[in-house]
There are 2 protein chains.
Amino acid sequence: MARMAARGSSLETNDLRKVGLKVTLPRVKILAILEEKQDLHLTAEDVYKALLDSGEDIGLATVYRVLTQFEAAGLVQRHNFEGGSAVFELDDGAHHDHIVCQDCGRVEEFVDTTIEDRQKTIASNHGFDITTHALIIYGSCRREDCPHREK
Amino acid sequence: MARMAARGSSLETNDLRKVGLKVTLPRVKILAILEEKQDLHLTAEDVYKALLDSGEDIGLATVYRVLTQFEAAGLVQRHNFEGGSAVFELDDGAHHDHIVCQDCGRVEEFVDTTIEDRQKTIASNHGFDITTHALIIYGSCRREDCPHREK
DNA sequence: ATGTATGCAAAACATTTGCACCTGG
DNA sequence: CCAGGTGCAAATGTTTTGCATACAT
């Protein structure tokens, strides 16, 4: 039992090496938080609080810097939903869009090839080279457990 | 020649009365700016500068307050494109999406019924009551006159 | 008149940056 | 050791708010 996980070769570590970022504690921890909450879409503040909760003493400025680097490296995606702060999620490489519940904040993801195709056609009709796109559907999830949370 | 336009019954005035907003000079002027630049998507700052340019002495805070009221009243739409500030445009009632040139900032609008329909299906599949949606395609317009402007 | 709207300045946020210190390779 | 990373505090940029004054109705 002298194989990995013994030291310095976790998933996070490899992800960081892969994109050429020095393996530092803040980067590893932030990446771990994002992996741990794959299904959520976190603000920089959310990540910061999660770090504090797990006992790490990492500054908010560093969280912003690291998230921005991760975005540049293609490790995470940044989204500008309504409501002030940007949210981040791990970029698994597969593009997807979002459907957001305005009552409880739940975010679900989807991909629709029909829509993707139409977008290419539309961009082309307008003479645009498409770089990327953002499609967000807003609505109410109507679930029993929808906490209708504050914000 | 004693009919309208003589006093207080311009398009703007009527629009404001219609939504139950008191007809004040700042509101009329801001609405006029937005009508004048139908094709553009203006930030609050843009509107503020346009007001100064036309000699009006209206505060930036008022511009924000008025735009927010207009949004609530359904007169304008607010969009959160990338890049810090929200942009506003007149809401003509007809929904449309956007295609944004990341080089020159040009914004074009489009509607695609196929996409609209797919969205309804998707929302339904996820058990959501759809409220609204935002679809933004980012790309390069590749035009000769694309000024490749700064921001 | 009188309740609401506006202007200005200050506050509130989200995000970025400068700089001295710390750390990973 | 040394370049690059981090923490903290201060700077920025955007949007909101408190309050005294001005204005529609």
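Proteins come first, then strands; the chains are lettered A, B, ... in the order of their sequence lines, and each starts at number 1.
What separates CG of L67(B) from C1' of dT16(D) is a distance of 13 Å, to the nearest Å. Atom CG in L16(B) sits about 17 Å away from atom P in dT4(C), given to the nearest Å. For the pair Q69(A) CD and dT17(C) C1', the computed distance is 14 Å after rounding to whole Å. Protein atom CG of L21(A) is 8 Å distant from nucleotide atom P of dG5(D), rounded to whole Å. If you measure from atom CZ of R78(B) to atom C1' of dT16(D), you get 11 Å, rounded to the nearest angstrom. One atom, CG of L60(B), and another, C1' of dA11(C), lie 15 Å apart when rounded to the nearest Å. Residue K29(B) contributes atom NZ, which lies 17 Å from atom C1' of dA5(C) at whole-angstrom precision.
A donor-acceptor pair shorter than 3.5 Å cannot be found between the side chains of S140(B) and D129(A).
For D92(A), there are no salt bridge (charged side-chain N to carboxylate O under 4.0 Å, His left out) partners two or more places apart in sequence or in a different chain. Under the side chain to side chain contact (heavy atoms under 4.5 Å, CB included) criterion, H79(A) pairs with H41(A), Q77(A), F81(A), V87(A), E89(A), H98(A), not counting sequence neighbours. Qualifying side chain to side chain contact (heavy atoms under 4.5 Å, CB included) partners for L25(A), counting only residues two or more places apart in sequence or in other chains: K29(A), E56(A), I58(A). Under the side chain to side chain donor-acceptor pair (under 3.5 Å) criterion, D46(B) pairs with T43(B), not counting sequence neighbours. With sequence neighbours excluded, the residues satisfying salt bridge (charged side-chain N to carboxylate O under 4.0 Å, His left out) with D15(A) are K18(A).
Of the candidates dT15(C), dG7(D), dC8(C), dC8(C) carries the atom nearest the A61(B) side chain, counting heavy atoms from C-beta on. Side-chain atoms of T62(A) lie closest to dG7(D) of the nucleotides dT15(C), dG7(D), dT15(D). The side chain of V66(B) has dT6(C) as its nearest neighbour among dT15(C), dT6(C), dT16(D).
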Only pairs under 3.5 Å count here: list side-chain donor-acceptor contacts from residues 64-74 of chain B, not counting sequence neighbours, and write none if there are none.
{"from": "T68(B)", "atom 1": "OG1", "to": "Y64(B)", "atom 2": "O", "distance (Å)": "2.8"}
{"from": "T68(B)", "atom 1": "OG1", "to": "R78(B)", "atom 2": "NH2", "distance (Å)": "3.2"}
{"from": "Q69(B)", "atom 1": "OE1", "to": "R27(B)", "atom 2": "NE", "distance (Å)": "3.3"}
{"from": "Q69(B)", "atom 1": "OE1", "to": "R27(B)", "atom 2": "NH2", "distance (Å)": "3.3"}
{"from": "E71(B)", "atom 1": "OE1", "to": "R78(B)", "atom 2": "NE", "distance (Å)": "3.0"}
{"from": "E71(B)", "atom 1": "OE1", "to": "R78(B)", "atom 2": "NH2", "distance (Å)": "3.2"}

*Using a cut-off of 4.0 Å between protein heavy atoms and nucleotide atoms, how would you tag nucleotides 19-25 of chain C 5' to 3' with B, S and -?*
-----SS

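Note on residues 11-32 of chain A: no pairs pass ring pair (Phe, Tyr, Trp, His ring centres under 6.0 Å), not counting sequence neighbours. Among pairs with a residue in residues 31-45 of chain B, none fulfils salt bridge (Lys or Arg N to Asp or Glu O under 4.0 Å), at least two apart in sequence or across chains.
Rounded to 10°, the angle separating the first-five-pair axis and the last-five-pair axis of the helix from dA1(C)-dT25(D) to dG25(C)-dC1(D) equals 30°.
Under a 4.5 Å side-chain heavy-atom cut-off, the cluster of Ile, Leu, Val, Met, Phe, Trp and Tyr residues that includes V111(B) has no other member.
One finds a salt bridge joining R106(B) and D145(B) here, because a Lys/Arg side-chain nitrogen approaches an Asp/Glu carboxylate oxygen to under 4.0 Å.
DNA chain C is contacted by D57(B), I58(B) of residues 36-58 of chain B, taking any non-hydrogen atom closer than 4.0 Å.
The side chain of Y64(B) contributes no N or O atom lying less than 4.0 Å from OP1 or OP2 of dT16(D).
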